[in-house]
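Since the structure comes first, as structure tokens, the remarks are kept for the end.
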Amino acid sequence: MTATDPATTPGRPVPLDPSLAPPGARQFRDAGGIPADRWHADQNGETLVPTHCCFCGVQCGMYLRVDHHGKVFGVEPRNHDINRMRLCPKGINAYQQVNHPDRLTAPLLRRNRDEEFREVGWEEALDHTAAEIRRIQSAYGNDSFGLLGGASLFSEKTYLVGKFARVALKTRHVDYNGRLCMVSAAGANKLAFGIDRAGNPFSDILLTDCLLIAGSNVGECFPVMTQYLWGARDRGATLIVVDPRETAIARTADVHVALRPGTDSAFFNAVLHVVVAEDLTDEAYLAARTTGWDEVRKTVADHPPARAAEICGVPEEQIVQVARMFAGAGKAMAWHARGVEHHSQGVENCLSIINLCVATGNIGRPGAGYGTITGQGNGQGGREHGQKSDLLPGGRSITNPEHRRQICEIWGIDEAELPPAGTSMMEMVWQMRRKEIRGLVGICNNPFVSLPHYATVKDGYDALEFHAQFDFFLSETAANAHVVFPVTVWAEDEGVMANAEARVVKHNKAQEPPAGVRTDTWVICELARRLGAGDKFAFPDSRSVFEELRTASAGTVNDYYGITYERLEETGGIAWPCPTTDHPGTPRLFEDGRTYHPDGKIHLQAVTWHPPMDPYSDEYPLSLTTGRTVAHFLSGNQTRRLGALVEQTPRPWVEVHPSHGFRNGDPVRVVTRRGSEVFPALVTEAIRPDTVFVPYHWPVPTAANALTIDALDPRSKIPEYKVCAARIEAAERVDEVPAPPTAPGRQAYPETQASRTDPLPPTSPQGRGTAERS
Amino acid sequence: MPLYRDGVTEPPQTAESTSASGSAPAPAPGPAPGATAADGPAPRTPAAVRRRAALTGVAVSALLILAIVLGSRLLRDFDSALLPYAVATVFLAFGVAHRYTVWISAPGARRLFRQGWRSFFSAENFRKAPTALPKMIATYLGLQKFLGARSHARWIAHQLVFWGCLLAAAITFPLTWGWFTFTSATGSGPGYEMRIWGFEIAGFDALGVLGWLMFHGLDIAAVLVIAGAVYFLWRRMKDRGAITGQRFAYDLVPLIALVVVSVTGLLLTFSSVFLHGGGYELLAVLHMVSVVFTLIYIPFGKFFHIVQRPAAVGMQLFKYTSRREDEAGAEILACRRCQEPIDIAPYVANLRGTMRDLDLGFDEWAEYCPRCKRVLRGTAYLDHVKKGFK
Amino acid sequence: MMGRTIFIDPGRCIGCQACVSACRECDSHRGKSMIHLDYPDEGRSVASLPTVCMHCEDPVAPCAEVCPADAILVTADGVVQQADTTRCIGCANCVNACPFGVPKIDLRAKLQMKCNLCYDRTAYGLAPMCATVCPTGALFYGTLDELRAERPGVQVADSFTFGTTTVSTGVAMVVPADKVQWPVPGGLPVVEINGRDVR
């Protein structure tokens, strides 16, 4: 970098004001995108509205500051026991979405994709959408219309998505973006425990003696959860981190296992091999509480550390060390996230970790247990109440006749009318390409950035005859739709979410939505009314939906019946199952040793490792892995519009080891079998030499997901985001990050986009240091 | 220990100057071993500084008295009703000169003071860029454009107060000193002639526009000042940024003083125009008390920035001249680690001198940019203190 | 050392920059972040270092000492305030004299600004924004006893060496109790630059 001060250019006359200053001491462009002189803190009286963050699965409590005009203008830390006032940069800037200039404030409509969007009234947009749904369904059958939900919606809305698909659209094709997030963990949990949630609350981490974090960059993806990790270490716990990259938590961990992407189950099988070999298993526990242990023991016998060391590319001694550390601890705990789940063997990876915890007897005790860290705010709640293709409310199975009967009774429909199980999100895209699905409504998702293999996704969506999308900012996907419904942000409606601990928390309404904006609930109900199902969707607000959801979940494993809005406001959150209104909730599972299988036992599943789906070759020798950075969230439709976050991390990069010979900032082309893109190189020793990393929050031509493979786990149908074969080569210039899409006639708020065109990588994966470039 | 005043201490080298009570002793900076002869003889002990400041103050006050006597044609034009005002200005002169002397005796200010005046008197500078200084004065001291970058509203308000005060001072100070006289050949107008130091400058009709402006200049000034000061008062009650660390004596008293002076001044006009002089006596006393208080307050509080502000032009002129002295760009010091520009080289050299004067033994550090200082400290921490968690 | 102050522990820092965003939310300088977050181990690790104003006590506030306009005031509780808006002339003396690289100036506004320990919050007993939100406790606000209640046996240092000069500060840093005795090295003398020995 050279000086940006124009006065330093030789040959120019000295300006009258000759002042110059070193970088970072010149101005306040990092003012969160809002010019400093327009951002005041006038003490005109304010109200603090208690709520939670809209972003990740930690669900930190926060107060939104509301001025006397009723507008959200700031954030204040809240001493909620999940986060104890701590917030991450996303959470602190979240409030800026609420009155953001990029908000959509009128429905957008176009008859075909060659036209520009035009702003229309709600009646016209809703009528047109209902007419298109009827036209497509009468011509091609009910199943030709699909619905895709999202896991950042309140649970009430996810319930409505599932009900709308089955009762109003009468289609089998409904799924949600949690399919891209953590269904592998869900699948493994169901198989092993018969219940799909983390076994222990965050606070148990503080009590553990050995903490194993697998495939989770906690420091960046769940920053506020780090306090539990550090708290455990302050109390003497050891920390094991399994991650191909030396992340912020891996940097200081007691053991950092930098394994090759896609080799997790090989590693954990080998760890269990050592545990068995060294007689560190809890045989009494295994005999009393589990089934399938013999088979697991036989399988891991074939996975000696020497073999895993070769597969995983880690030292054999490290495997032994991890086994002794984990199994030797009085209370040990394992948490994992997308790093092990985003694989074509995602369910197996999770099962191999469950096997390790169970074999050492670390289940269902304070400080001993197992959990998965949900990525989306309602990643947990979003998969419980029926927007998943195979599930009905209360975690019921759509293939179970008894479950079908119960739900039909609650919904007041004939069982014959209830569609069968549908397909997963990625499969639905394939079906769109094959014209098996011809119309789609998308709610709260952005597959153009978030689904793998962008070319396929674009093809699939382009083949749709009709596509409507709900969003509050115009996402890349919505920009390709026929109709866009402007809906509320989280602070403009109330509702509940369930965080990574399965603790249900309540979000409160802080301000009225802008004119022209409606709640998702209202839009879904209006569409249902136009489709002739108005009587089943007479919901004036979230509360009425929640009342039905409670009833619909009563008696199931995911029992919400005892949870009411009032109780949530009093307690700050209740973990389900909570069958009665005087039940305290269930923060820790399996305390009585019983699981939710009919026999009450843990069903251990033997796992064998297989290589990732994208084969390595001389042409594609490296592993490409993808992930998040701390300043951005999912597809970035929200965070790429917030000035402070753009300032922190303006663009994606490719992280490469110095052994490849690139210098920091060099344009590097990342090539996979599905495409190639040029990113600036962030050269660091904190990544394996055989692995490169690209963060995924940006759209094409800077999208990691233009390169990733659309191979799915056969059971969970999660795409294999975390590993595909790739090569890197020198390139001319980096691909530029496009501006976020906006409604016609508007441009993305320029103050927030000031640093977007920075061609350099950030200093560190967490972002650019302050004061480096300006 | 630093000296505390009103809960706040000034930087130590000027502490004694700003302490109205003068009760606490100031820290002795001690002789600077690094000071060379080129730095010139400067009083290094607080007592010496105080002595010199008192002498300067007395000298300036004496000069002012002399100017008043001579300017009012040996007091022939002096209006004895304005005596309290004149006395207040003499005290003002003493206070300003005293504090100014103390101020520029501190190493940071002294060096910049020298360099500023050196640039000011540089003939070469004047030849190369004759318009630079007037332009700087106009944009910086007149239009105060930098305030617009802080906040547009504050800029407007400050401009109102600034021009209002300037106008008022331009009218009242010479009147007080007996430098201006308005005489009418006919005894009671409407034809008036204006004289300065007894010399006739202009004649005008009191009923004309010019005459109206002449006689209502202070009213116009008062309206400007009230508008600006009321905005600032409102802001000081609403804006949390302004409220933070706000002190009554420093931040609010000057605004209140301006408002009181302006309002009582306006009421005097109101009284004479609409009330036929009703309450004039009381108002005149109130006005006089508030003006005298404000004048005496200038050297001690916020108003002293009026005297200090021009230093900004000196600083700017110094940097400007330094950059002109060679080829453009050649005089810029780059960070020794990252090569990013830090500041103009003579300016950094000047700063290093200041740091040596103050016994800050890390003046070499000034040649590294702030980020590199932090990064080097971070590296040192990682290498020598701890790398990891424990 | 001040009673209630910030304790910085880079070993716990995850470099997330929550502090940087939170600093902007502080009402006394809304929209402007004063805290610094650097990645000093660039290219090798993701290590990070937050820097708030250290509120130097001895020598008291070098930034204030070099200020030609007497613009930087120190409050009785030892907090070095940001420049007084009426006095600051934007000369950048403080920027380049500060041994910790803390002050910023806005060149257009001719105004220095720096961390004032969230004076609007600390004056009322609240923790500064950065230390309130810090997800890891890398920035901790409180007394040493309060810190030790959370992390038994932790040792802190409040003096730094820059060449032959030692600067003692109001803000302290965590040091390992067994290995290093303070003062903590401040980075000067510089021994190497970009891998090149410059001694």
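Scope of the values below: all heavy atoms of this structure, side chains included, with no hydrogens, waters or symmetry mates.
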| Backbone of A:V58 reached by a side-chain donor or acceptor of A:N499 within 3.5 Å |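 Checked: pair present.
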So which residue, [options], ends up with the most heavy-atom pairs under 4.5 Å with chain A?
options	answer
C:V133, C:T136, C:N96	C:V133
C:G137, C:A92, C:S45, C:C23	C:S45
C:G43, C:A127, C:A22, C:G101	C:G43

Segment of [X] engaging chain A (4.5 angstrom heavy-atom cut-off):
X	value
C:A109	neither
C:C16	both
C:D41	neither

| query | In chain order, what residues pass the salt bridge (charged side-chain N to carboxylate O under 4.0 Å, His left out) check against C:R121, with sequence neighbours excluded? | reply |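 So C:R121 forms a salt bridge (charged side-chain N to carboxylate O under 4.0 Å, His left out) with A:E76.
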| message | Is the distance between the ring centroids of A:F222 and A:F55 under 6.0 Å? | response | no
Heavy-atom pairs under 4.5 Å with chain C: which of [options] has the most?
options	result
A:A686, A:P765, A:A250, A:P223	A:P223
A:Q648, A:M85, A:E246	A:Q648
A:I92, A:T226, A:I249, A:V224	A:I92

| field | Part of A:V218 lying under 4.5 Å from any heavy atom of chain C | value | neither
Any side-chain donor near an acceptor of the partner, [X] and [Y], under 3.5 Å:
X	Y	result
A:E220	A:T629	yes
C:S21	A:N93	yes
C:D145	C:T143	no

| field | With sequence neighbours excluded, residues passing side chain to side chain contact (heavy atoms under 4.5 Å, CB included) with C:C130 | value |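 Scan of C:C130 (side chain to side chain contact (heavy atoms under 4.5 Å, CB included), adjacent residues dropped) gives C:I6, C:C19, C:I35, C:V52, C:P128, C:L139.
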